[in-house]
Number of protein chains: 2
Amino acid sequence: MSEPKRIRIVAVDDHEVVRSGLRFSLMAFDDLELVGEAADGEEALRVCSEVQPDVVLMDMMMPRMGGAEATEALLRNHPEMKVIALTSFEEGTRVQEALQAGAIGYLLKDVGADELVRAIRAAHAGRATLSPEAARALAKAAIEPPELGQDLTKREREVLALLVEGKGNSEIAEVLNISHHTVRFHVSTILSKLNAANRAEAAALAVKHHLLD
Amino acid sequence: MSEPKRIRIVAVDDHEVVRSGLRFSLMAFDDLELVGEAADGEEALRVCSEVQPDVVLMDMMMPRMGGAEATEALLRNHPEMKVIALTSFEEGTRVQEALQAGAIGYLLKDVGADELVRAIRAAHAGRATLSPEAARALAKAAIEPPELGQDLTKREREVLALLVEGKGNSEIAEVLNISHHTVRFHVSTILSKLNAANRAEAAALAVKHHLLD
DNA sequence: CGAGAACCTAGACATTCGTACAGGTCGTAG
DNA sequence: CTACGACCTGTACGAATGTCTAGGTTCTCG
């Protein structure tokens with residue numbers, strides 16, 4: 001054993017090509033050691049439990065279990081691990097999701113190896129790293145929008161989802177096992193919360209702003 | 001000079017991490033040589049003109065100039081080059097776009113190095129390679145495709161656009177300077193063409209399928 | 001020229017929507 | 001405990017919606 005403290009890293013990404021890139025990029029640095037890889041969130045949990053890394057590089061867009069969910073689950077069991085979100089796009093919502101899940105860093109995949117390594121060392125030391133794009137997106141998200149539709153209740157979302165599918169009030173009532181009067185009440189509330197003139201606009205807004213899933 | 005004919009490759013991707021992955025993955029094969037990299041479509045055109053590669057690995061989702069557009073432009077000037085589309089997701093439309101642009105292969109980024117190399121050699125020999133997912137998506141697209149909403153007339157699209165904004169029939173009538181009876185007629189036609197139960201679903205479908213600009 | 005497509009208009013009808021008002025239960029945070 | 005928010009039910013009423021039928025114009029293409 002040469003150095004007493006190499007930073008142990010796990011790379012999580014569903015794309016083999018990306019994992020290769022990380023693998024070889026990190027190889028050039030003596031103080032870093034890639035000790036595991038995973039292709040989705042579930043696998044990440046298994047691998048991390050086993051190899052106990054210091055830092056986890058986590059892709060956000062993955063099948064099965066998404067990056068945010070995986071990060072949250074991982075940190076619940078291993079609060080000492082540092083997660084850096086690595087992603088392709090700089091949507092404001094994604095950034096917030098990741099940080100809220102407990103990621104200490106957020107980088108775009110177009111970072112160079114050196115910058116990535118800096119972020120890894122920083123994370124290991126407990127310092128956060130945000131890519132400029134992510135920081136900008138975060139700032140923008142913090143300023144402008146009460147983010148349309150964030151104040152919808154769970155029930156209202158259910159109603160909205162059915163509404164988007166073209167269901168009428170009575171159909172919605174049937175599916176949810178409630179009175180059609182109640183449905184109308186919910187729809188009315190939804191319209192005012194979304195500032196929509198009618199259900200057509202509400203449906204359009206729901207899709208446009210990804211209010212469902 | 002060892003072998004007379006190494007396959008000359010250019011990698012195009014906006015993510016540095018991915019390019020590293022490709023760079024190191026290809027390094028292990030004697031008959032392959034990575035002779036250039038580019039981070040977007042425009043750069044790809046420049047680089048390829050300069051280094052004259054045999055095969056181009058082209059990401060489809062890039063800023064400035066998308067992969068499909070770049071592929072088309074590239075092949076117009078260099079019809080002898082073989083382009084393999086490399087992408088993150090298997091949307092049917094993307095696959096069609098890529099192939100229509102002239103790509104000879106379509107792979108997901110989760111392919112392993114060996115599979116990638118097989119595809120490169122195949123492309124160089126003029127043989128196509130489709131990932132199973134891509135092939136499936138293509139087949140599905142070929143079967144289903146009346147491509148929802150393609151048969152809408154110009155007027156119907158105008159009506160639909162206003163409908164999405166939450167306008168009522170009379171409002172739409174006013175904007176378009178036609179009778180509200182006519183609007184209702186158009187809406188009725190739209191609903192049947194989109195197979196929607198009501199204007200709410202029609203609005204949702206319009207947004208979901210990008211039926212408007 | 002004739003056929004067809006796209007577009008427009010209109011009346012009648014049942015249905016659905018959206019709102020306003022007036023209450024009720026339930027669980028939880030103060 | 002009390003207040004509050006989310007959720008539920010109901011009545012009543014005017015307005016909007018969707019379908020039907022039955023025409024009309026304008027333009028293009030064979």
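Chain identifiers are assigned alphabetically (A, B, ...) following the order of the sequence lines, protein sequences preceding nucleic acid strands; residue numbering begins at 1 within each chain. FYI, side chains are in, hydrogens and waters are out, and symmetry mates aren't considered; it's all heavy atoms of this structure.
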Does [N] have OP1 or OP2 under 4.0 Å away from a side-chain N or O of [X]?
{"X": "B:Ser188", "N": "D:dT19", "result": "yes"}
{"X": "A:Asn169", "N": "C:dC17", "result": "yes"}
{"X": "A:Arg184", "N": "C:dT19", "result": "no"}
{"X": "A:His181", "N": "D:dC8", "result": "no"}
{"X": "A:Thr182", "N": "D:dT9", "result": "yes"}
{"X": "A:Ser179", "N": "D:dC8", "result": "no"}

>> Judged by each residue's nearest nucleotide on DNA chain C, which is more toward the 5′ side, B:Ile178 or A:Asn198?
In response: B:Ile178
>> Test side chain to side chain donor-acceptor pair (under 3.5 Å) on A:Glu16 and A:Ser20; report intermediate values, then the result.
In response: CA-CA 6 Å; A:Glu16 163 63 25; A:Ser20 306; 3.1 Å; yes
> Roughly, in whole Å, what's the span from CZ in A:Arg199 to C1' in C:dT16?
Replying inline: 8 Å
> Please give, in whole Å, the distance from C:dC7 P to B:Leu152 CG?
Replying inline: 10 Å
> Considering all heavy atoms of both residues, which atom of B:Arg19 and which atom of B:Asp13 are nearest to each other, and what is their separation?
Replying inline: NH1-O, 2.7 Å
> So, the side chain of B:Asp59 versus the backbone of B:Val12: is there a donor-acceptor pair under 3.5 Å, distance only?
Replying inline: no
> Which of the following nucleotides, C:dG18, C:dC7, D:dC7, is nearest to the side chain of A:His186?
Replying inline: D:dC7
>> Which nucleotide wins on minimum distance to the side chain of A:Arg155, given the candidates C:dG18, C:dC8, D:dC7?
In response: D:dC7
